[in-house]
Amino acid sequence: MKSFDEKIKKEKENGFASPPYMKSEPEDDFYHSPKHERSLKRERDDDDNDQLYQSYMLISVVTGQLDVLLLDCIFVIFTVIMEMIYLLDSRWEEERYTDGVKWKFLEHKGPVFAPAYEPIPSHVKFYYDGKHMKLSPEAEEVATFFAKMLDHEYTTKDIFRKNFFKDWRKEMTSEERAKITDLKKCDFTEMSEYFKAQSEARKAMSKEEKQKIKEENERILQQYGFCIMDNHKERIANFRIEPPGLFRGRGDHPKMGMLKRRIRPQDIIINCSKDSKVPEPPPGTKWKEVRHDNKVTWLVSWTENIQGSIKYIMLNPSSRIKGEKDWQKYETARRLKKCVDRIRAQYREDWKSKEMRIRQRAVALYFIDKLALRAGNEKEEGETADTVGCCSLRVEHIKLYPENEGQEYVVEFDFLGKDSIRYYNRVPVEKRVFKNLQLFMENKEPDDDLFDRLNTSILNKHLQELMDGLTAKVFRTYNASITLQQQLKELTTAEENIPAKILSYNRANRAVAILCNHQRAPPKTFEKSMQNLQSKIDAKRDQLADAKRELKSAKADAKVRKDEKSKKAVESKKKAVQRIEEQLMKLEVQATDREENKQIALGTSKLNYLDPRISVAWCKKWGIPVEKIYNKTQREKFAWAIDMAEEDYEF
DNA sequence: CACTCGACTTGCCGTGAACTAT
DNA sequence: ATAGTTCACGGCAAGTCGAGTG
């Protein structure tokens, strides 16, 4: 008899047992469409069957010697009973999709903890003020965190050093604390060298050793990397607890260098269902708490000590629960598409309002819509880097030019956004917007809020009234997806070959990334790899010239000789030229693509903003294999879309 | 309302595995 | 087979947004 695990494995191979989001047709409201009801019913049946299957297995264990025919009879009777129970239990579906219930059954093995600290060998010494000093294990561990970062520029920054030293001293014994009073007198170089040597050694490991580590990782993955949620075996995203270390934050972070504490079992909250096998804490330890909250999706949580925020272990994007949410996000954006004209007309009207708060709201919304700015929640000063979004823009972040380079009413934006990425843009705006901005800035200091009568909560409440489920970030999703669709339409030409079409796709993707300001640091090896590519192109050009010469002489030869053999030679030379031309074009396309991509990150928009059905439909329409657009993980994440979208899908 | 907290999405980057050229 | 290069993947910080509280 098949085990439950085997059944799950098979199910994974065959894809999901018809989750509700599979196989849609473009209906306005798929959630409540008859088709959806049908697929829900289908899934319900599958679930019930799974439950039946487990009961069936149980019985078969108890009555192992009974013959199969009898068991089949029991199975049939069970099916009938379950069907009746299902008919009576009309709340089943409601509970799953409303009231915030996220699952009915959840079982997992808990987190994998960071490996314990391994003291460094005694010959690796730490010096204070030139003298060797043996540190206590606690102080030593924190010292190694610093030693490992010695090559980074930020260990020279005052804030980093100050924060680190303060937290380090907390870990010291009182004797150490009395002695070590100045970070400048600390010499970590031997430690640093030791870790460099260690990482070299790791690289130089033999194949067998590497293989062994790989197998061990795979074993841990198999044991801890999956959970069972409502009869589906699902991949967990981050089942490993973050190891201790020094916090580095992004940009100019006031907390950089602080010690990120080691997480212990007594810090961990486990979430699972009551009827599941509760994960065991490591021997001799206890969990902080075990709870059974099916209104949330996380399996494990703990409080992190830098910001005091909660961290979670959740499921992989390929899971039902994430996929469904993702799909829902794009459906909301599609609903916005239907009423965006009305909303735009509305905010343009609101620019004229006599109420300041309404005009501010309308101008902010215009920026969010036109420039794809983020909402911009207020942040606690001194707790994080100073970054802003739309609602938290300050006067110092924009400049107004009544005229600039031949354009009227130009606004210049210059601020640090999420992750301290700079947003710089000059845009001409409507005269009314411009006049309003002038008013908003009147009698204000540079560090005053531009929209002093507005915050994200007010804005989102307003948006909620305009459309159910509408928030500021829906505009980003909507504008990103609609831009991709429109760009794909514009850039793709039927005659092009596949590499050229993919270049078009990347260009459309790039337009979105630029809109959303998704930047990246140019890769460290960019210049070199560009040169390499260029020399390949040059070599290919030479090769082409040679091939053409050969073709020419072959033709001349054929003219003189007029025999079969020389004709054939001409043909084969022609083919060679063609092949080389194609290769050359492919390389050139690659070079263009890479150059244009130097400072732009495509990944974020692809993963978070572009309705995958647009891409899938485009692939189907032009006969491009989806693998050219989405890699394996991406295909897993977007399984729902790949299954759903036909070539005529419209966002 | 303002403020905080909790849950969840979004975002950039470094590492190491996989691939390619030599 | 090895070295160099590319790319996928995971890590984890930093956002968004809604709910609860006083």
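So you know, we letter chains A, B, ... as the sequences are listed, proteins then strands, and number each from 1.
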Which nucleotide wins on minimum distance to the side chain of N455(A), given the candidates dC8(B), dA2(B), dG11(C)? dA2(B)
By the 4.0 Å heavy-atom rule, please label A472(A) as base, sugar-phosphate, or nothing. sugar-phosphate
Think K109(A) forms a cation-pi with Y224(A), using NZ or CZ under 6.0 Å from the six-ring centre and within 45 degrees of its axis? no
Reckon K329(A) has a side-chain N or O less than 4.0 Å from the OP1 or OP2 of dT10(B)? yes
Please report, rounded to the nearest Å, how far the C1' atom of dG10(C) is from the OH atom of Y224(A). 19 Å
Does K148(A) make a cation-pi contact with F195(A), if we ask for NZ or CZ under 6.0 Å from the ring centre and within 45° of the axis? yes
Under 4.0 angstrom, heavy atoms only, what part of the nucleic acid is G376(A) near: base, sugar-phosphate, or nothing? sugar-phosphate
Whole-Å distance separating the CG atom of L607(A) from the C1' atom of dC12(B): 12 Å
If you compare every side-chain N and O of N460(A) against the phosphate oxygens of dC17(C) (OP1, OP2), does one of them come in below 4.0 Å? yes
Side chain of R520(A): nearest nucleotide among dA14(C), dC13(B), dA7(B)? dC13(B)
Phosphate contact (dA13(C) OP1 or OP2) by K260(A) side-chain N/O below 4.0 Å: yes
dA7(B), OP1 or OP2 - any side-chain N/O from T297(A) closer than 4.0 Å? no
Select from S301(A) and E380(A) the residue whose nearest nucleotide in DNA chain B is closer to the 5' end of that strand. E380(A)
Within the pair S420(A) and dA14(C), is there a side-chain N or O less than 4.0 Å away from OP1 or OP2? no
Does E215(A), at its CD atom, have more than 12 non-hydrogen atoms belonging to other residues, nucleotides or ligands within less than 6.0 Å? yes
Between R374(A) (CZ) and dA13(C) (C1'), how many Å, whole number? 13 Å
Aromatic rings Y312(A) and W298(A): how do their planes relate, parallel, tilted or perpendicular, breaks at 30° and 60°? tilted
Once you round it to whole Å, what is the distance between P of dA18(B) and CG of N631(A)? 14 Å
Selected nucleotide, minimal atom distance to I421(A) side chain, candidates dC12(B), dT9(B), dG16(B): dC12(B)
OP1 or OP2 of dG10(C) under 4.0 Å from side-chain N/O of N238(A): no
Does the side chain of K311(A) get closer than 4.0 angstrom to OP1 or OP2 of dG6(B) through an N or O atom? no
Nearest to the side chain of M314(A), which nucleotide is it out of dT9(B), dT16(C), dA14(C)? dT9(B)
Sugar-phosphate, base or nothing in reach of A237(A), heavy atoms under 4.0 Å: nothing
By nearest atom, which of the nucleotides dG11(B), dT16(C), dG16(B) is closest to the R476(A) side chain? dG11(B)
Between R594(A) and N377(A), name the one whose nearest nucleotide on DNA chain C is closer to the 5' end. R594(A)
Let me know, please, whether R248(A) or E378(A) comes out on the 5' side of the other along DNA chain C by nearest nucleotide. R248(A)
Under 4.0 Å, counting only non-hydrogen atoms across every strand here, what does P317(A) touch: a base, just sugar-phosphate, or nothing? nothing
Side-chain N or O of K214(A) versus OP1/OP2 of dA18(B): is the shortest distance under 4.0 Å? yes
Output the rounded distance in Å from CZ (R453(A)) to P (dA2(B)). 12 Å
Determine the interplanar angle of the Y630(A) and F638(A) rings, folded into 0 to 90°, and report it as parallel if under 30°, tilted if 30 to 60°, perpendicular if over 60°. tilted
Write down the distance between NZ (K632(A)) and P (dA18(B)), rounded to a whole number of angstrom. 10 Å
Residue whose closest nucleotide on DNA chain B lies nearer the 5' end, K536(A) versus S605(A): S605(A)
Taking only side-chain N and O atoms of T471(A), does any of them lie within less than 4.0 angstrom of OP1 or OP2 on dC17(C)? yes
Under-4.0 Å salt bridge between R334(A) and E331(A): yes
Selected nucleotide, minimal atom distance to A601(A) side chain, candidates dT16(C), dC12(B), dT9(B): dC12(B)
Quick note, K379(A) side chain, CB onward, closest among dT10(B), dG15(C), dC8(B) is dG15(C)
Among the candidates dC17(C), dA14(C), dC8(B), find the nucleotide nearest to the side-chain atoms of D419(A). dA14(C)
Any donor-acceptor N/O pair under 3.5 Å between dT10(B) base and K418(A) side chain: yes
For Q634(A), report the nucleic acid contact type (base, sugar-phosphate, nothing); a contact means any heavy atom under 4.0 Å. nothing
What is the distance, to the nearest angstrom, from the NZ atom on K148(A) to the C1' atom on dG14(B)? 15 Å
Let me confirm one number: the CZ-OG distance from F415(A) to S420(A), rounded to the nearest 0.5 Å. 12.0 Å
Euclidean distance, atom CD of residue E304(A) to atom P of dC5(B) [Å, nearest integer]: 13 Å
Less than 6.0 Å separating the ring centroids of F160(A) and Y154(A)? yes
Output yes when at least one side-chain N/O atom of Y312(A) is less than 4.0 Å from OP1 or OP2 of dC12(C), else no. no
So, is T387(A) near the phosphate of dG15(C), with a side-chain N or O under 4.0 Å from OP1 or OP2? yes
Any side-chain N or O of K322(A) below 4.0 angstrom from OP1/OP2 of dT9(B)? yes
Respond yes when some side-chain nitrogen or oxygen of K473(A) is under 4.0 Å from OP1 or OP2 of dT10(B), and no when none is. yes
Looking at H518(A), does any N or O in its side chain come under 4.0 Å of the phosphate oxygens OP1/OP2 on dT10(B)? no
